[in-house]
Amino acid sequence: MATYTINEARKHKIDFVGPYLVAHRDVVVRADDASVTTRTDLNGKKVCAATGSTPALLIRTNLAPRAEVVTHDTYSRCISELASGGVDAITTDDALLAGHAAQEQFKGRFRLAGFPVSEERYGIGLPKGARSAGGSPPR
């Protein structure tokens, strides 16, 4: 069992219980950076996302195609890069961004840009067929 964003491709491979959380893709920037107020303001900026992630693809295809996408294996590395000035923004789900930005060493240093890109529904993923084999999940 694990948590995943619910999408059509995953529904063919695993069963879901949920959603238990609805998040929105957003962007976090340094609190003192007034240059990013719209999605297109990310063009020409360095935007960090997790390697191979949907948010990285979304930046390249829809959000800001002229942004430089920097990828790291974890969002912790992205937040460190943002803190040091190595990147201008980070993109992923707003709940994850808010959690990273709320860490004690980063309090007050970052802000959500507030332009949700898409809705992401999170559910508990179970092996395909597990729901029917074990009955209905508890409510």
Side-chain angles (χ1 to χ4, degrees):
M1 168 173 95
T3 61
Y4 299 95
T5 53
I6 301 170
N7 61 42
E8 289 305 314
R10 286 190 178 128
K11 284 182 182 179
H12 294 290
K13 296 178 183 176
I14 59 179
D15 287 334
F16 282 98
V17 177
Y20 67 88
L21 171 68
V22 177
H24 296 91
R25 289 223 174 90
D26 203 337
V27 174
V28 72
V29 295
R30 284 181 293 283
D32 61 354
D33 183 356
S35 70
V36 178
T37 59
T38 69
R39 298 173 187 187
T40 57
D41 292 337
L42 294 171
N43 284 311
K45 305 264 187 198
K46 289 183 180 180
V47 182
C48 193
T51 304
S53 67
T54 302
L57 178 63
L58 191 60
I59 286 285
R60 289 183 177 114
T61 58
N62 294 350
L63 194 60
R66 292 185 317 278
E68 180 184 341
V69 178
V70 176
T71 58
H72 288 298
D73 55 344
T74 67
Y75 281 104
S76 294
R77 289 205 46 209
C78 285
I79 201 83
S80 293
E81 284 277 316
L82 183 61
S84 71
V87 298
D88 302 298
I90 304 169
T91 184
T92 190
D93 298 342
D94 56 359
L96 186 60
L97 290 169
H100 280 290
Q103 294 176 55
E104 190 61 39
Q105 71 268 32
F106 301 128
K107 283 199 181 205
R109 294 180 63 188
F110 307 119
R111 66 175 173 83
L112 283 172
F115 35 86
V117 179
S118 65
E119 181 176 283
E120 297 301 317
R121 298 173 26 218
Y122 281 84
I124 305 295
L126 303 169
K128 194 72 173 166
R131 287 184 67 177
S132 58
S136 296
R139 293 191 184 259

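Please read all numbers here as calculations on a predicted model, not as lab measurements. As a basis for the values below, the full set of heavy atoms in this structure was taken, side chains included, without hydrogen atoms, waters or symmetry mates.
- Salt-bridge formation is detected for the pair R30/D88: a Lys NZ or Arg NE/NH1/NH2 atom is positioned less than 4.0 Å from an Asp or Glu carboxylate oxygen.
- Heavy atoms only, all atoms of each residue included: F106 and A83 are closest at CE2-CB, 3.7 Å.
- K128 places none of its side-chain heavy atoms less than 4.5 Å from the side chain of I14.
- In this structure, CG in D26 is found 12.0 Å from CG in L96, a value given to the nearest 0.5 Å.
- P19 approaches R121 most closely through the heavy-atom pair CG-NE, 3.7 Å.
- T74 contributes atom OG1, which lies 7.5 Å from atom NE2 of H100 (distance to the nearest 0.5 angstrom).
- Taken to the nearest 0.5 Å, the CG atom of D33 stands 5.0 Å off from the NZ atom of K45.
- Annotation: the span from L42 atom CG to S35 atom OG amounts to 8.5 Å, rounded to 0.5 Å.
- Contact detail for G108 and A31: the closest heavy-atom pair is O-CB, 3.5 Å.
- Taking each heavy atom of R111 and A34 in turn, the nearest pair found is NH2-CA, 4.3 Å.
- Remark: E68 CD to C48 SG distance equals 10.5 Å, nearest 0.5 Å.
- The line from CZ of F110 to CD1 of I90 is 6.5 Å long, rounded to the nearest 0.5 Å.
- Nearest heavy-atom pair, Y75 versus S53, reported as atom, atom and distance to 0.1 Å: OH-OG, 3.7 Å.
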